[in-house]
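Below, all heavy atoms of this structure are taken into account, side chains as well, without hydrogens, waters or symmetry copies.
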Amino acid sequence: MSVLAAAPTEIYESGDSALRVVAISEVSEHNWLTVHGLADWLEDCGAEGLHGAVPTYDSVLVEFDPILVSARQVRAFVKLGLLELGRSAGSATAPREFDVPVVYGGEFGPDLERVAQHQGISVDEVIRLHTEKTYTVRCLGAPAGSPMMDGPAFPKPVPRLKDPRLSVPAGAVAVAGRQAVIAPAVAPGGWCVIGQTPLSVLNIRREPLVPYKPGDILRFRQIRAEDFGQYHGLELEPQGLVSADVDCEKSGARP
């Protein structure tokens, strides 16, 4: 991931062992590219005392060991990284693409009709809008590396549930506000679940635990409820790759 020049930023101390760097341009895409490009640079620079950089939509939390390095020194690393962003433009690898089969509605998407009614459109239109675009993974959220993405082009933001569920299944495909997400693991949740993918997203034996990273692209594809079981044992992988533990032909899954 690269950017021609960094967006303007503001830097704040966050306790005694972290800095929060916020991109403040008027272009959200520029802000996102800046904080993720900075996070990548900081992860690769090898500076002593830096523990990591956690980017979101427009900010990055830079964690450090205050015994080994001061906040002032880390601030200098950050400023150097921002200057270096433009020099490394064009060196980023191409995003990987993921195909995500989804069963919409019914027991797999209990909030699909609720979303349609709120938007004033049909269930079929909700599905069409959800499947017609491509989604860039903006950042990884909780739980377990959930891919946070800009949502479909619905007429209005989608309100969260008044009473969050105590348990949302792994693979749940959900929307809220202007965002979209897949739940990698079972967890409580207040987003509207409109479908579910049969693919396993989280693998605790893998490092990293999820196959995608910020900048990768996801596409949702509708499948029939009766086909859900055909994907049993398959993991979400970049297009062109299949989990080494699974034989697609035996599983009956379609590419």
Is [X] reaching over with its side chain to a backbone N or O of [Y], donor-acceptor style, under 3.5 angstrom?
X      : Y      : value
His36  : Thr56  : yes
Glu43  : Ala53  : yes
Lys213 : Arg96  : no
Trp32  : Arg138 : yes

For the pair Leu236 and Tyr212, evaluate side chain to side chain contact (heavy atoms under 4.5 Å, CB included) and give the outcome as yes or no after the intermediate values. CA-CA 9 Å; Leu236 178 64; Tyr212 44 75; 4.0 Å; yes

Any [X] side-chain heavy atom under 4.5 Å of [Y] side chain:
X      : Y      : answer
Leu82  : Thr34  : yes
Ser70  : Phe64  : no
Val126 : Val175 : no
Leu199 : Glu237 : no
Leu33  : Leu85  : no
Tyr231 : Ile223 : yes

Expected list for residues 178-191: side-chain donor-acceptor pairs under 3.5 angstrom, two or more places apart:
unit_1 : atom_1 : unit_2 : atom_2 : d
Arg178 : NH1    : Phe154 : O      : 2.6
Arg178 : NH2    : Pro155 : O      : 3.4
Gln179 : NE2    : Tyr57  : OH     : 2.9

Using the side-chain hydrogen bond (donor to acceptor under 3.5 Å, both in side chains) rule, collect all pairs that involve residues 101-113, keeping only residues at least two apart or in two chains.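 Qualifying pairs: Tyr104-His130, Asp111-Arg114, Asp111-Arg165.
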
For a side chain to side chain contact (heavy atoms under 4.5 Å, CB included) check, start with the C-alpha distance between Thr134 and Arg219, then their side-chain angles and the critical distance, and finish with the verdict. CA-CA 5 Å; Thr134 58; Arg219 290 183 174 88; 3.1 Å; yes

By side chain to side chain donor-acceptor pair (under 3.5 Å), which residues pair with Arg206, not counting sequence neighbours?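 Side chain to side chain donor-acceptor pair (under 3.5 Å) check on Arg206 returns Glu235.
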
Applying side chain to side chain donor-acceptor pair (under 3.5 Å), can you list everything that pairs with Ser28, at least two apart in sequence or on another chain?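 Ser28 satisfies side chain to side chain donor-acceptor pair (under 3.5 Å) with no other residue.
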
Side chains of residues 6-20: which donor-acceptor partners sit under 3.5 Å, not counting sequence neighbours?
unit_1 : atom_1 : unit_2 : atom_2 : d
Glu10  : OE1    : Tyr12  : OH     : 2.2

Walk me through whether Val21 and Val35 qualify under side chain to side chain contact (heavy atoms under 4.5 Å, CB included). CA-CA 8 Å; Val21 184; Val35 298; 5.7 Å; no

Those residues that, when tested against Phe77, pass ring pair (Phe, Tyr, Trp, His ring centres under 6.0 Å) (two or more places apart): none

Evaluate the side chain to side chain contact (heavy atoms under 4.5 Å, CB included) criterion for residues Val201 and Val100: first the C-alpha distance (whole Å), next the side-chain angles of each, then the deciding distance (0.1 Å), finally the verdict. CA-CA 10 Å; Val201 177; Val100 186; over 6 Å; no

Counting only heavy atoms not in [X], do more than 12 fall under 6.0 Å of its [atom1]?
X      : atom1 : result
Glu226 : CD    : yes
Arg160 : CZ    : no
Lys156 : NZ    : yes

Which heavy atom of [X] sits nearest to which heavy atom of [Y], and what is that distance?
X      : Y      : value
Asn31  : Ser25  : OD1-OG, 2.7 Å
Leu140 : Val137 : CD2-CG1, 4.0 Å
Gly81  : Trp41  : CA-CE3, 3.4 Å

Cluster check Leu61, Leu42: I/L/V/M/F/W/Y, side chain < 4.5 angstrom: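 The answer is no; the residues belong to distinct hydrophobic clusters.
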
